[in-house]
Amino acid sequence: MISRSKGAKLLIVCVLAVLMSVPAGFVFLLLLDRTHRAEEVTREIGDKVGGPQTFLGPVITVPYAGGPRLDTTTTGSKSPIQTGTLVVFPIVGNAIATSKSEVRSRSLFRVPVYATDLHFTARFDLSRVVAPAGATLDWSRAQLVSGASDSRGARKDIIATVDGQSLTLAPAPEGAQNMTTDGGNGSLDLFSTPLTIDPARPHDVTLDMSFTGAQKLGVLAYAKSSEVTLSGDWNTPSFGGGFLPASRAFHHDSQTPVMKGEEDLKSGFRATWSVPFIARGLPAVISLDSLASLGKSELSVAFVENTNPYQNVARSLKYALLFVGLVFLTYFVFESTSKRDFHPAQYILVGLAQITFYLLLLSLSERIGFDYAFLTAAAATVTLISSYAGMVFKSRLRGFAALIIFSLLYGMIYTLMRMEDYALLIGAVAAFVVIAAVMILTRNINWYGKEPETA
């Protein structure tokens with residue numbers, strides 16, 4: 001009968017494979033909940049050490065004011081006095097930040113945190129700074145300004161040396177204590193100190209900071225021409241911001257020379273950026289209101305963990321339907337080439353066993369890491385569904401064949417997780433090969449289930 005044909009059975013199997021995406025969706029929702037909880041813990045710990053930090057090197061601010069201007073209206077009244085503040089960037093600047101990191105844990109969740117020492121040098125040429133038309137610069141109220149994303153991460157006072165004179169920066173005056181930056185960097189807490197300087201000659205400035213933070217360390221290109229070097233003991237850095245580093249090296253490479261401040265680093269990284277004036281895209285002097293646009297020039301490194309369990313599990317879930325379908329096809333081939341039937345309910349059991357694999361993978365990854373979790377969950381699942389094949393079809397040979405096939409399939413899942421750039425190619429080729437093999441193995445099946453007509 002047509003209802004018992006192999007063709008109808010294959011259609012049922014395909015529908016059941018698609019329906020398995022429903023429980024896979026529930027696993028994905030659980031994954032989102034765990035990911036959200038991990039992000040909450042990251043924020044909670046980060047708030048206590050400063051969170052992702054971005055630093056602004058030394059710049060000079062100088063207020064200006066102009067006399068009243070006649071109104072062009074018929075009233076002949078005078079407009080308010082023109083006032084504002086200019087930000088003067090150094091002509092050259094060099095920043096060196098060396099960090100030491102550790103992992104803080106809360107329950108099952110891990111957060112990379114770090115302590116960093118920053119040393120800035122800058123050379124200012126103030127002789128060409130000109131006030132807006134009709135205004136006059138008030139150099140007696142000039143300030144040396146710096147900044148950081150979160151002042152709660154400060155471990156020491158911020159000390160600056162201007163032409164040999166030591167100065168301590170304090171939180172900026174009320175109304176100018178922070179600024180919002182462009183480029184997704186949030187806001188900066190500003191620090192300042194009054195300056196007594198001669199604008200007719202150049203000035204050399206150094207500035208030292210010591211801060212803690214979490215997840216990310218960044219420095220803004222604070223000079224017309226900026227050189228920034230970030231180094232640390234974290235082995236899996238991710239470089240980002242507005243520019244990629246001009247060079248990068250890793251301390252486990254014996255050919256990498258050790259710089260000042262890196263003597264205690266047995267492993268880790270060093271990255272150097274060089275941002276010329278034309279690439280930064282900002283004038284040498286801007287208004288204080290425009291300082292936020294400097295956020296686009298951030299040079300940063302993120303402290304990422306090499307194996308993020310939630311990211312890896314999410315990546316594997318993307319292929320859940322494909323691998324459930326491949327296992328179902330394997331059982332269908334066994335059924336079609338044997339004299340035993342495999343009931344749709346049994347297909348559902350096999351599918352649920354595969355979905356349980358992702359639950360095991362998620363729960364174990366939080367405790368023993370993704371690699372060991374995958375090995376444990378895959379070994380348990382492959383043993384279960386291959387043993388089930390041997391028992392249902394009453395054949396040790398088919399059970400052994402299922403063990404080999406399913407081991408290769410789960411091995412392919414792991415390969416997809418580790419070769420993200422080639423995941424689509426590997427998955428597509430594997431699916432094509434499996435479908436081709438099924439077509440060849442089932443070429444002689446009587447799909448309609450009818451007895452052949454005799455002449």
Side-chain angles (χ1 to χ4, degrees), residues 46 50-57 90 92-103 110-122 148-149 153 181 183-185 207-282 294-308 311-312 418-422:
Q53 293 276 25
T54 300
F55 299 95
L56 170 65
V92 292
N94 185 278
I96 298 175
T98 303
S99 62
K100 294 184 179 180
S101 54
E102 62 177 303
V103 176
R110 296 158 47 89
V111 181
V113 301
Y114 62 85
T116 184
D117 295 316
L118 300 102
H119 178 72
F120 297 92
T121 61
S149 295
T181 60
N185 305 311
L207 187 143
D208 292 289
M209 295 181 174
S210 185
F211 271 76
T212 59
Q215 296 181 286
K216 188 194 75 171
L217 165 64
V219 175
L220 301 178
Y222 64 98
K224 288 177 60 178
S225 177
S226 302
E227 295 278 345
V228 175
T229 300
L230 306 180
S231 61
D233 57 358
W234 192 259
N235 287 322
T236 54
S238 176
F239 305 109
F243 303 87
L244 289 176
S247 65
R248 55 186 180 178
F250 297 91
H251 294 301
H252 53 71
D253 182 354
S254 59
Q255 297 180 352
T256 301
V258 177
M259 295 178 59
K260 182 179 179 180
E262 298 178 348
E263 294 83 0
D264 296 334
L265 302 182
K266 305 300 182 183
S267 61
F269 69 93
R270 183 200 308 141
T272 301
W273 287 261
S274 179
V275 183
F277 182 36
I278 194 171
R280 195 181 67 149
L282 284 175
L294 189 63
K296 298 178 181 178
S297 70
E298 183 191 47
L299 316 170
S300 65
V301 58
F303 299 82
V304 298
E305 292 199 77
N306 193 32
T307 54
N308 184 321
Q311 185 181 53
N312 286 323
R418 285 289 172 262
M419 302 179 66
E420 184 178 1
D421 293 338
Y422 297 94

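In this chain, numbering begins with 1 at the start of the sequence shown. What you see is a predicted model, and the numbers here were worked out from it, not measured in a lab.
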**Prompt:** Of all heavy-atom pairs between Gly241 and Ser300, which one has the smallest distance, and what is that distance?
**Reply:** N-OG, 3.5 Å
**Item:** Exam field: side chain Thr98 to backbone Thr116, donor-acceptor pair closer than 3.5 Å
**Value:** no
**Item:** Gap separating the CG atom of Leu217 from the CG atom of Leu299, nearest 0.5 angstrom
**Value:** 10.5 Å
**Asked** Looking at side-chain heavy atoms only, is the closest gap between Thr54 and Lys216 below 4.5 Å?
**Response** yes
**Asked** Atom NZ of Lys224 and atom CG of Leu282: how far apart are they, to the nearest 0.5 Å?
**Response** 12.5 Å
**Message:** Testing the basics here: between Ser99 and Phe303, what is the closest heavy-atom pair and its distance to 0.1 Å?
**Reply:** OG-CZ, 3.6 Å
**Request:** For Ala271 and Phe269, work out which heavy atoms get closest and say how close.
**Result:** N-CD1, 4.3 Å
**Request:** List the steps, then state whether side chain to side chain contact (heavy atoms under 4.5 Å, CB included) holds for Leu230 with Val219.
**Result:** CA-CA 9 Å; Leu230 306 180; Val219 175; 4.0 Å; yes
**Message:** Rounded at 0.5 Å granularity, tell me how far OG in Ser210 sits from NE2 in His119.
**Reply:** 14.0 Å
**Prompt:** If you take all heavy atoms of Phe243 and Ala279, which pair is closest and at what distance?
**Reply:** CZ-O, 3.5 Å
**Message:** Please give me the minimum heavy-atom distance between Gln53 and Tyr114, naming the atom from each residue.
**Reply:** CB-OH, 3.3 Å
**Asked** Heavy atoms, side chains only, cut-off 4.5 Å: are Thr121 and Asn94 in contact?
**Response** yes
**Request:** May I ask you to test the Tyr222-Pro90 pair for a side-chain heavy-atom distance under 4.5 Å?
**Result:** yes
**Item:** For the student: nearest non-hydrogen atoms of Met209 and Phe55, plus distance
**Value:** SD-CD2, 3.7 Å
**Message:** Could you tell me if the side chain of Trp234 sits less than 4.5 Å from the side chain of Val103, heavy atoms only?
**Reply:** yes
**Message:** When you compare the side chain of Pro245 with that of Thr272, does any pair of heavy atoms fall below 4.5 Å?
**Reply:** no
**Prompt:** Do the non-hydrogen side-chain atoms of Arg280 and Leu294 ever get within less than 4.5 Å of each other?
**Reply:** yes
